[in-house]
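Below is one structure, written out as structure tokens, with a few remarks after it.
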Amino acid sequence: MEIVIPLFKFFFQDIKFELIPEIIKNDKAIDSCQDKDYYLDWIYQRGNSAGKRRDLSAIKALLHELDNPQDKIKVIHIAGTNGKGSTANFIANTLSQKLRCGLFTSPYMVEINEEVKINGKPISDEEFFSYIEMLKPICENLDN
């Protein structure tokens with residue numbers, strides 16, 4: 001059983017963390033990039049939704065391409081004004097005692113990897129890179 005606790009946005013909740021894409025195994029994409037800046041630049045260059053259609057069609061199309069993973073996991077979504085981070089961490093810590101528990105919080109404080117944790121441990125740079133490499137062609141195809 002997997003439980004993912006998203007906060008504000010969901011980006012990695014839709015990826016099963018035990019399925020690391022092949023890109024991490026052959027190290028081609030990781031070696032071809034100087035550092036994390038390459039991936040962060042790609043994310044930030046995609047921009048925000050200012051001036052674009054403000055509906056769910058883009059995220060629905062992306063989730064469809066990923067075989068609607070949000071329908072296959074149990075999620076606790078925490079919303080409100082204050083205390084979301086503390087509440088999310090408390091629940092995640094409690095659940096991870098007996099279950100494999102993912103936590104997504106935003107914004108990050110130091111490293112973008114800290115937004116995504118599995119049982120309290122941030123995903124590695126390699127995992128982060130591999131997920132971006134997996135998402136890039138899908139996003140770029142959907143942009144056309």
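The NZ atom of Lys36 lies 10.0 Å from the CD1 atom of Ile43; values are rounded to the nearest 0.5 Å. For the atom pair CG (Leu135) and CG (Leu62), the distance works out to 6.0 Å, reported to the nearest 0.5 Å. Distance check: Leu99 CG to Lys74 NZ gives 10.0 Å after rounding to the nearest 0.5 Å. Note that CD1 of Ile138 and NZ of Lys136 are 12.5 Å apart. Values are rounded to the nearest 0.5 Å. Annotation: the span from Arg46 atom CZ to Glu140 atom CD amounts to 7.0 Å, rounded to 0.5 Å. If you take CD on Gln70 and CD1 on Ile59, they are separated by 8.5 Å, rounding to the nearest 0.5 Å.
Using a distance-only test at 3.5 Å, with no hydrogens or angles considered, no donor-acceptor pair links the side chain of Glu65 to the main chain of Ala61. Judged by distance alone, with hydrogens and angles left aside, the side-chain atoms of Lys117 form no donor-acceptor pair with the main-chain N or O of Glu114 at under 3.5 Å. No side-chain donor-acceptor contact under 3.5 Å links Asn141 to the backbone of Pro137. A donor-acceptor pair is defined here as one N or O able to donate and one able to accept, closer than 3.5 Å; such a pair exists between the side chain of Ser96 and the backbone of Asn93. In this structure, Asn113 contributes its side chain and Pro122 its backbone to no donor-acceptor pair below 3.5 Å. Ser130 places a side-chain N or O within 3.5 Å of a backbone atom of Glu127 that can act as its donor or acceptor partner.
Side chains of Thr105 and Glu115: no donor on one and acceptor on the other come within 3.5 Å.
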Using side-chain contact (heavy atoms from CB on, under 4.5 Å), reason through Cys101 and Ile118 one step at a time and then give a plain yes or no. CA-CA 6 Å; Cys101 182; Ile118 304 296; over 6 Å; no
As a quick check of understanding, evaluate side-chain contact (heavy atoms from CB on, under 4.5 Å) for Ile76 and Leu95, giving each step before the final call. CA-CA 11 Å; Ile76 298 171; Leu95 291 173; 4.1 Å; yes
side-chain contact (heavy atoms from CB on, under 4.5 Å) between Leu103 and Asn119, intermediate numbers included: CA-CA 8 Å; Leu103 173 64; Asn119 284 351; over 6 Å; no
Run the side-chain contact (heavy atoms from CB on, under 4.5 Å) check on Asp67 and Lys72 step by step: do they pass? CA-CA 10 Å; Asp67 195 28; Lys72 299 171 185 154; 2.7 Å; yes
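For Ile112 against Phe128, the heavy-atom pair with the smallest separation is CG2-CZ, 3.5 Å.
Linking Ile, Leu, Val, Met, Phe, Trp and Tyr residues whenever their side-chain heavy atoms come within less than 4.5 Å leaves Val110 and Tyr44 in two separate clusters. Under a hydrophobic-cluster definition in which Ile, Leu, Val, Met, Phe, Trp and Tyr are linked whenever side-chain heavy atoms come within less than 4.5 Å, directly or via other members, Leu66 and Leu56 are assigned to the same cluster.
More than 12 heavy atoms of other residues, nucleotides or ligands shown are found within 6.0 angstrom of OH on Tyr108.
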